[in-house]
Every structure is written in structure tokens, then in C-alpha cells.
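Each chain gets a letter, A, B and so on, in the order the sequences are listed, and its residues count up from 1.
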Protein chains: 2
Amino acid sequence: MEEGTLKSPGHTGDTDPSCPAGAVYPYDVKQWDTREDCEVRQILDRIADKWSLLVIALLDCEGLRFTELRREIDGISQRMLTRTLRHLERDGLVSRTVHPTVPPRVDYALTPLGSTLHATIQSLVTWTERHQREIAAARAEYDARAEREALDHGA
Amino acid sequence: MEEGTLKSPGHTGDTDPSCPAGAVYPYDVKQWDTREDCEVRQILDRIADKWSLLVIALLDCEGLRFTELRREIDGISQRMLTRTLRHLERDGLVSRTVHPTVPPRVDYALTPLGSTLHATIQSLVTWTERHQREIAAARAEYDARAEREALDHGA
DNA sequence: CAGTATCCCCGCAGATACTG
DNA sequence: CAGTATCTGCGGGGATACTG
């Protein structure tokens, strides 16, 4: 991304210097370079980050409220849920509808584009659920073997 | 993970303090807590990290050498490729076979378990390839709208 | 309720140099 | 060739406090 020089002087925290001057983004919704050398990587980074997969898997087609997502996901902080949703919204995968009531109510749902992702991601998540025991076993075995080898070499 | 007290005194770098004492792991192959409160998250973190998806997608069933993977993936550092492969090996998704020749030759391939993941991940990767334009468009639109709204509020 | 703003840590990941 | 070792920076992400 090679633009350290653009960095605004007093910048310490979260906001992104590469955003169009004057635009204010919540947190640091990135402006990706559109140079084509790494598009797929960028998109993968977004989809396969810590929370996006779970959010998309949960959203299915019916909308959920902010708090419902928060409760469902377990472990996600308010900050990260907001950021994740903003990113997904920006990528056109999730729609955000604000009901101007008080207290406010915001619903999130998959867009048509997002829906085309849902099946795949769902199957990824269920795969991990189905195979967690096998993976845990593999890890245990690997660790045991590594430890034995370490002992052989060490002493 | 709440075990800051376990941290070995002089520890600064990459290795993992939670590994069984005396075992030496390459880099910092993590020892996950097996307490069940966050298993799926852990596994997802591993599978859906920056490089694993691409590695698995590439490996298919036929084996590839270290350097072939390195060349194919583009942008990955030697360090990250090694680490990713070690993690996948530990999780029982990838097998590593060393040919005791000189110079050495190491082949990586999907295990049967890994193969069950391949289809899903492949479809995830091809999805991003197929929809990158739509996503780019969505981003542009989002940014444009955000900028307009920022101007309305600002001035 | 649904966010923003701010502070701050630590672990990911790149760069570089060295080895069997 | 296929790694390991070490240093370092940056940004992901948690915690907390505040607002419309």
C-alpha cells in the first residue's frame, strides 16, 4: 500500500488515511487500492476474517437486529460487530435498514449478492462443527509426536 | 486463554509459552485450549486465515512442493508459507513427505480429511473471483454515498 | 438500542540473515 | 531446496466510556 507519506500528522488510531479527504468513515472502513495486483486477496481477507464468516452464516435471509447478532455470536465485541457489518455492507453483501423509532432498531439482512455466498459459507461452518473432534485428535497426535522427537534430540 | 502468568520470563518473540515444557515447535504452532467454550472459533480462525484457504484450494489432491506453492501463491513469504503448512499439518488437513535426497524435496498434499474441505473452499475462492467486479462496484457506490453525506453534514 | 471515540496491547506478518 | 532464527512495525481487536 506504500503511502506512508499520506499519513495525516496527528494520526494515531484507527481511521484510514487513504480515504478521500474529508469523508468520515466509521472506524476505519478501508479504501482498497483498486490496482489489480491483489484483488482476490483483498476480498478473501474480508470474507475470511475473524467474524464475517459467522455473521454471514447467521444472517441467512431473514433479517436480524444488531443485538440479536451480538448475542448469537458470543465473544464478539460491539466494536467488531459494527465494523464487520459496515465492511459487509460496503461490499454489498449485507443490507442495513434503520427503523426511525425510539429506541432505534436496525435490521441486517443478506443482499441478493450476499445470498449467493451463504450456502458456501454455511457449509464451511458446518464442516468445522462436524470435524472438530477429528481435528482435535490430529492436533493431540501431532503435539505428542513433536514432543517425543524433541526429547529424543534434546537428551 | 487467561494464562499470562505462564509466560516465560525472557519471552519476546514468536514461540508459544503454552506449549508443553521442553517441546520445541517451529515458530509458534499454537496449543489450543481444549476447553470447549470456543472450539469452532479456533478452527475457523485457522482455516479462514490469510493464507490457509489459498493453500488448500491449490493443493487439490496431487502433491506440490514447497517452492511450487510459494511460486503459485504470490505474495506469501517463506515464513508464512511454512507456518501455514505446519498448522494445516497439525490439524491433519495436509500431509508432508520428505524425500531424503540432496537437495531436499518436500511434497505437500491434502489428507483425506483435508479433501473433504477442498470442494467447499474451492467454491469460496471461485466465488470471490467471479464476483470481484460486483464487490468493487458496491464499494465504489458506498464510498461515493458516504462522501456525499459527509459533505452535507460538514458544510 | 445502536452505535462512536479513544486507548492500548500483542500477535500477524514482512524482511533479512543463517543452516543442513 | 526447504527450512529456522531474530528483529520489527503495524494493525486487528478487546475494554471502556460516552452519545442520539
**Q** Tell me: CZ of A/Arg79 to P of D/dG13, nearest whole Å?
**A** 9 Å

**Q** With a 4.5 Å heavy-atom cut-off, do B/Leu64 and B/Tyr108 have their side chains touching?
**A** no

**Q** Out of D/dG13, C/dG14, C/dA17, which has the shortest distance to the side chain of B/Gln78?
**A** C/dA17

**Q** Atom CG of B/Asp45 and atom P of C/dG11: how far apart are they, to the nearest Å?
**A** 13 Å

**Q** When the distance from CG of B/Leu54 to P of C/dA13 is rounded to whole Å, what number comes out?
**A** 12 Å

**Q** Whole angstroms only, please: what is the CE-C1' distance between A/Met80 and C/dG3?
**A** 14 Å

**Q** Which of the following nucleotides, D/dG20, D/dC1, C/dA13, is nearest to the side chain of A/Pro104?
**A** D/dG20

**Q** Any heavy-atom pair between the side chains of B/Trp51 and A/Arg41 that's under 4.5 Å?
**A** yes

**Q** For DNA chain C, which consecutive runs of 3 or more Watson-Crick or G-U pairs (each distance under 3.5 Å) count as stems?
**A** C:1-20 with D:1-20

**Q** Quick one: B/Asp49 CG to C/dG14 P, roughly how many Å, whole number?
**A** 11 Å

**Q** Mind listing the closest non-hydrogen atom pair of A/Leu85 and A/Val94 along with its distance?
**A** CD2-CG1, 4.5 Å

**Q** For residues 105-123 of chain A, which residue pairs qualify under salt bridge (Lys or Arg N to Asp or Glu O under 4.0 Å), counting only residues two or more places apart or in two chains?
**A** A/Arg105-A/Asp107

**Q** Taking OH from A/Tyr108 and P from C/dC1, how many angstroms apart are they, rounded to a whole number?
**A** 15 Å

**Q** Of the nucleotides C/dA13, D/dG13, C/dG3, which has the atom closest to the A/Lys50 side chain?
**A** D/dG13

**Q** How long is the line joining CG of B/Asp107 and C1' of D/dC1, in whole Å?
**A** 12 Å

**Q** Side chain of B/Arg86, heavy atoms from C-beta onward: which of D/dG13, C/dT4, D/dG3 has the nearest atom to it?
**A** D/dG3

**Q** Would you indicate what A/Arg65 reaches in the nucleic acid, counting non-hydrogen atoms under 4.0 angstrom: base, sugar-phosphate, or nothing?
**A** sugar-phosphate

**Q** Are the side chains of B/Arg65 and B/Val106 in contact, using a 4.5 Å heavy-atom criterion?
**A** no

**Q** Mind calculating the distance between CD1 (B/Ile76) and C1' (D/dG3) to the nearest angstrom?
**A** 14 Å

**Q** Heavy atoms from C-beta onward define the side chain here; which of D/dG14, D/dG3, C/dA13 lies closest to that of B/Phe66?
**A** D/dG3

**Q** Looking at CD1 of A/Ile135 and CG of B/Leu93, how far apart are the two atoms once the value is rounded to the nearest 0.5 Å?
**A** 5.0 Å

**Q** Of the nucleotides D/dG13, D/dT4, C/dG14, which has the atom closest to the A/Arg83 side chain?
**A** D/dG13

**Q** Return the nearest nucleotide to the side chain of B/Thr82; candidates are D/dG3, C/dG3, C/dA13.
**A** D/dG3

**Q** Before you tell me yes or no, could you show the steps for B/Lys50 and A/Asp49 under salt bridge (Lys or Arg N to Asp or Glu O under 4.0 Å), namely the whole-Å CA-CA distance, both residues' side-chain angles and the distance that decides it to 0.1 Å?
**A** CA-CA 8 Å; B/Lys50 190 165 183 180; A/Asp49 72 352; over 6 Å; no

**Q** On a heavy-atom basis, which atom in B/Asp91 and which in B/Arg46 lie closest, and how many Å separate them?
**A** OD2-CG, 3.1 Å

**Q** Measure from the side chain of A/Pro103, starting at C-beta and using heavy atoms only, and say which of C/dG3, C/dC1, D/dT6 lies closest.
**A** C/dC1

**Q** Is B/Arg70 touching bases, backbone alone, or none of the nucleic acid, heavy atoms closer than 4.0 Å?
**A** nothing

**Q** Nearest to the side chain of A/Val106, which nucleotide is it out of C/dA13, D/dG3, C/dG3?
**A** C/dG3

